[in-house]
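Whatever order the structure lists ligands and atoms in, that order sets their numbers, starting from 1. Along the sequence shown, residues are numbered consecutively beginning with 1.
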Amino acid sequence: MKTFYITTPIYYPSGKYHIGSAYTTCLCDSVKKYKQLQNYDARFLTGNDEHGQKMAETAKNNGRTPQEHVDYMAELSKELWSTLNIDYDDFIRTTEDRHETVVQEIFEKLLANDDIYLGEYSGHYCVSCEAYFTDTQLIDDNICPDCGRETKILKEETYFLRLSKYANRLLKYIEENPDFIVPESRKNEVVQFIKSGLNDLSVSRTAFDWGVKVKSNPKHVVYVWIDALSNYITALGYGSKNDDLYQKYWVNGDEVVHVVGKDILRFHAIYWPIMLMALDLPLKFKLFAHGWYMMKDGKMSKSKGNVIYPEQLVDAYGLDAFRYYIVRELTYGHDGEFTPEDYIKRINTDLVNDYANLVSRTISMVNKYFDGHVKKVEHNHEYKKHELDLQNTSMSVFGNYQEAMDDFKMAEALSEISALVKRTNKLIDDTFPWDLAKDDSKKDVLESVMYHLLESIRLITILYQPFLLETTPKVFAGLNVEESKKTFGSFKFGEKTAYQVVKKLAHLFPRLDVEKESEKIKEMMDMNKPKEEKREFKMKSEIEYDDFSKLDLVVGHILDALAHPNADKLLVFDVDTGDKVRTIVSGIAKFYDPKDLIDKNVMVVANLKPVKLRGILSEGMILSSEDKDGNLKVIELNNELEPGDKIS
Ligand code: ME8
């Protein structure tokens, strides 16, 4: 038996998973089921990526320790996958011993081979934004492009992974293995990136400790990517006492596929292969990078109130509708848009009108005309050409479907099945069974037509198995199809020679009212909007009153305000602070028309060391507040206050 190993990315369990994560997971699960139908020994891995500073912060904001948080989220994730009937074989968590000990070994091995070395990361750091910026991003050589504050050069000891050493080998590998990264456009993106020059990658941190400690230097923790990417082999037992699965599915395996979103392409297409090369491990995998589900107003985000959770859709419209829609709507490698209308229309068109309708019409005709029983009849009649056409369509659909599935083109594979459903429905329009039924001499013809409908439904249902997990068993049961006739091997007209259908078919899909149901989905999305969003911010360390009293805060009166002549983000103010009129430069141009601030009383830090911002000396700072989306608003003071009044 050939082996097949498929993986999702390991998800960051920072919050509930939305339909984006569900997309990748459902896609992988459907591919696994498809491969099983092709008689592969298929293994499917998913899991959670539980380390890192952000995870520790999220835990803190939720009043939990990091471990409590990731434990809780692992349970939630597993519950979701169970709701979606995901048949994974293993669920890896990066905080598990089986993973952490091997990551430590991997790190030490790379260190011993000099593929990892200790160095220093130095860059412009903005303390307020907690981020490094490159020279080209900075304003005036040292000003943070985001908040307009001064950055400082920060040096941090860190380990680096040598990427450049392997660049040519990787390029050669990509060239020699044209299917390594698909779609082609993504491959080109990767090749270009490598050719533009690879900088060594920082792979450890000392600023936080929620991660795998470097064994030989425990003040460092392994930074996310070496930790995360290794999951694909640690889950198979690589580096442990029992590495049978690793040997079977990786080293001696036939096919390995990592399915990832476009945003993490580079990590999988460059860092991961280089890690494997450096470890001298076989580079077995193929990479499929998919696009994103977007919303009408851009990315899904809780605060926008445009998030929809898989559980809500499954609850309202059933599992199969969700699993069908989610892999049907994104076309190969591209982004797609989720809209409530499309969701309902897609179910109505493909599943209710075409498939369910075909099945229920056929079963009721077979009951009405043949008391539920028909058999294969060899009969040359006037409608033979339609039947032959249907037979031919089914075989070409089968070929196209497999080709599409092999290339991860789920939407294409499903539209191939839809084409066969439509062609089968057309046989009814071509042959007018209700007329044939009126003529006793046409009984054979009618039976042949009914038989063709049933055989075609059987074939369609075989192809739907990886997607419609609840519906296909119902349809097979309705047609009394035996196990051996549900396989790809039995995909051929005439393989099942007689049918005895049930009197009444179990309920498949209800027809939906597009307007009413779309509204319902919109309401669900609205409900997901946080009622009163808790602000997440990191509290700085406590200060003494003396620290605070070092600030000279005074009332300033804005006399004039202009755009900075050399910087789009900055405004230049003349501010009367009692002692004198100061020039103050502030990074709030994006949020104000300068003239609207003239004559306002504002809060000024008067004893801030003057700094030149794009050629203009700024003698103080005007205080602003920042909302959760990063919008700045100047703190305006009562107009009865006088310039120079002290604030404390
Ligand atoms: O990146 N539509 O985790 P993650 C489709 N831990 N896919 C989406 C999506 C959307 N709207 N939003 C996110 C990580 N994704 C790392 C992976 S693997 C060794 C480490 C996809 O939870 C995204 O593209 O941020 C990515 O493939 C996956 O969800 C996990 O994202």
So is [X] touching ligand 1 or not, going by heavy atoms under 4.0 Å?
| X | result |
| --- | --- |
| W225 | yes |
| Y232 | yes |
| S14 | no |
| H18 | yes |
| M294 | no |

Would you say [X] has any N or O atom under 3.5 Å from an N or O of ligand 1, going by distance alone?
| X | result |
| --- | --- |
| Y293 | yes |
| V260 | no |
| K262 | no |
| D49 | yes |

Sub-4.0 Å atoms of ligand 1 with respect to non-hydrogen atoms of [X]:
| X | answer |
| --- | --- |
| G261 | 24 (O), 27 (O) |
| H290 | 5 (C), 7 (N) |
| I264 | 1 (O), 17 (C), 26 (C), 27 (O) |
| M300 | 11 (N) |
| G291 | 5 (C) |
| A228 | 19 (C) |

Mind checking whether M275 and S230 have side chains closer than 4.5 Å, heavy atoms only?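 Yes, at least one pair of side-chain atoms sits under 4.5 Å.
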
For the residue pair [X] and [Y], categorise the inter-ring angle as parallel (less than 30°), tilted (30 to 60°) or perpendicular (more than 60°).
| X | Y | result |
| --- | --- | --- |
| W250 | F285 | tilted |
| Y17 | Y11 | tilted |
| Y223 | F208 | perpendicular |
| F467 | Y401 | perpendicular |
| Y343 | Y317 | tilted |

Students should be able to answer this: which protein heavy-atom is nearest to [atom], and at what distance?
| atom | value |
| --- | --- |
| atom 14 (C) of ligand 1 | Y12 CE1, 3.4 Å |
| atom 24 (O) of ligand 1 | D263 OD1, 2.4 Å |
| atom 10 (C) of ligand 1 | G20 CA, 3.5 Å |
| atom 31 (O) of ligand 1 | Y11 CD2, 4.3 Å |

Could you walk me through whether D114 and K165 pass the salt bridge (charged side-chain N to carboxylate O under 4.0 Å, His left out) test, one step at a time? CA-CA 11 Å; D114 194 36; K165 179 175 161 190; over 6 Å; no

Who's closest to atom 21 (C) of ligand 1 heavy-atom-wise, of Y271, F338, W272, W292?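 Closest candidate by heavy-atom distance is W292.
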
Considering D335, I326, I19, I10, which one's heavy-atom position lies nearest to atom 20 (C) of ligand 1?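 Result: the heavy atom closest to atom 20 (C) of ligand 1 is in I10.
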
Salt bridge or not between [X] and [Y]? Use side-chain N to carboxylate O under 4.0 Å.
| X | Y | value |
| --- | --- | --- |
| K60 | E57 | no |
| K215 | E105 | yes |
| E341 | K522 | yes |

Any idea which heavy atoms bring L468 and D320 closest together, and the distance?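 The pair with the smallest heavy-atom distance is C-OD2, 3.3 Å.
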
To check you understand the geometry: which heavy-atom pair defines the closest contact between D200 and R162, and what is its length?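 Between these two residues, the closest heavy atoms are OD1-CA, 3.5 Å.
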
Just one of D90, I86, D87 clears the side-chain contact (heavy atoms from CB on, under 4.5 Å) bar with F44, so which one?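 Considering D90, I86, D87, a side-chain contact (heavy atoms from CB on, under 4.5 Å) with F44 is found only for I86.
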
